[in-house]
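Along the sequence shown, residues are numbered consecutively beginning with 1.
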Amino acid sequence: MKHLLILFAISIFSQIAMAQNATCKVMLEAIKGTFVGDCIKGKAEGIGKSIGTDIYEGSFKAGYPEGQGKYTWKNGDYYEGNWKKGLKEGKGEFHTRLDKSDSALIGYWKKDVYKGIYEFPFIIYNSTSEIGRVQISKISEKDKTLTITVQNLLDGSGFGAATSKATTTMTAHQITRGWYISTSQATLNNKDITYFRGLAFPFRGTFNFGNSMIDIEFFEEGAWDVYVPINK
């Protein structure tokens with residue numbers, strides 16, 4: 001008799017829990033269906049599992065996958081990593097089945113779009129105060145080169161005068177990570193241009209322009225273009 005009462009109580013509590021979860025909203029259509037987990041103000045919040053056409057198990061916020069979690073599509077593909085408002089955001093791994101083997105895409109996502117292996121393709125660690133806003137762009141995926149253009153935006157007296165601006169050149173460089181095969185230098189319209197070719201990535205260097213310097217590291221392979229304005 002006691003055993004039957006325990007089973008009855010478990011059944012009642014299960015029904016209550018299911019009724020509560022039935023009113024707990026999950027905001028993504030593909031995983032709507034059966035939800036088990038934490039709920040706040042009628043929406044999935046905290047740790048839970050939601051099963052619909054697809055399955056998500058992990059952290060929720062305001063009804064959306066947010067934080068760490070695993071999303072499995074109906075075809076068996078899955079993404080495990082970080083989420084924000086139902087979108088892949090941050091570090092994670094996407095696994096898919098190709099020709100009876102598992103293929104993994106590992107790296108960082110931004111608003112559901114894969115950005116690459118590294119969270120940041122480059123980092124400026126340090127620069128002297130007279131260096132202005134450095135502009136860095138990736139111009140090609142194929143080549144492994146670095147072009148650094150430096151320009152003095154002021155003449156010797158501190159007044160902008162295009163006809164009297166002296167050309168500032170790269171006077172030294174020190175490579176602290178990776179290497180390059182060759183380098184060359186050119187001057188064009190008061191701009192000093194230094195080319196580094198055949199880079200091995202990650203590539204980090206300290207580049208000096210007289211008393212000015214900048215320390216940059218590049219993580220992603222490709223052809224990089226750097227413009228360094230100097231105000232002195």
Atom of Thr194, atom of Thr183 and distance for their closest heavy-atom approach = CG2-OG1, 3.7 Å
Side chains of Asp77 and Thr96: is there a donor and an acceptor less than 3.5 Å apart?
-> yes
Check the angle between the aromatic planes of Tyr56 and Tyr71 and answer parallel, tilted or perpendicular using the 30° and 60° thresholds.
-> tilted
Using the ring of each side chain (for Trp, its six-membered ring), is Tyr79 parallel, tilted or perpendicular to Trp109, with breaks at 30° and 60°?
-> perpendicular
Under 6.0 Å between ring centres, would you say that holds for Trp73 and Tyr78?
-> no
With Asn126, which residues qualify under side-chain hydrogen bond (donor to acceptor under 3.5 Å, both in side chains), at least two apart?
-> none
Give the ring-plane orientation class for Phe196 versus His173, where under 30° counts as parallel, over 60° as perpendicular and anything between as tilted.
-> perpendicular
Give a yes or no on whether a salt bridge exists between Lys88 and Asp112, defined as a side-chain N under 4.0 angstrom from a carboxylate O.
-> yes
Contacts of Ser184 that satisfy side-chain hydrogen bond (donor to acceptor under 3.5 Å, both in side chains) - sequence neighbours left out = Arg197
Evaluate the criterion salt bridge (charged side-chain N to carboxylate O under 4.0 Å, His left out) for residue pair Glu220 and Lys138; output intermediate values, then yes/no.
-> CA-CA 9 Å; Glu220 291 184 1; Lys138 190 176 183 180; 3.2 Å; yes
Residue pair Lys144, Glu221: steps toward the salt bridge (charged side-chain N to carboxylate O under 4.0 Å, His left out) verdict | CA-CA 6 Å; Lys144 298 179 181 180; Glu221 292 186 357; 3.7 Å; yes
Please determine if Lys111 and Glu89 form a salt bridge, counting it only when a charged side-chain N lies under 4.0 Å from a carboxylate O.
-> no
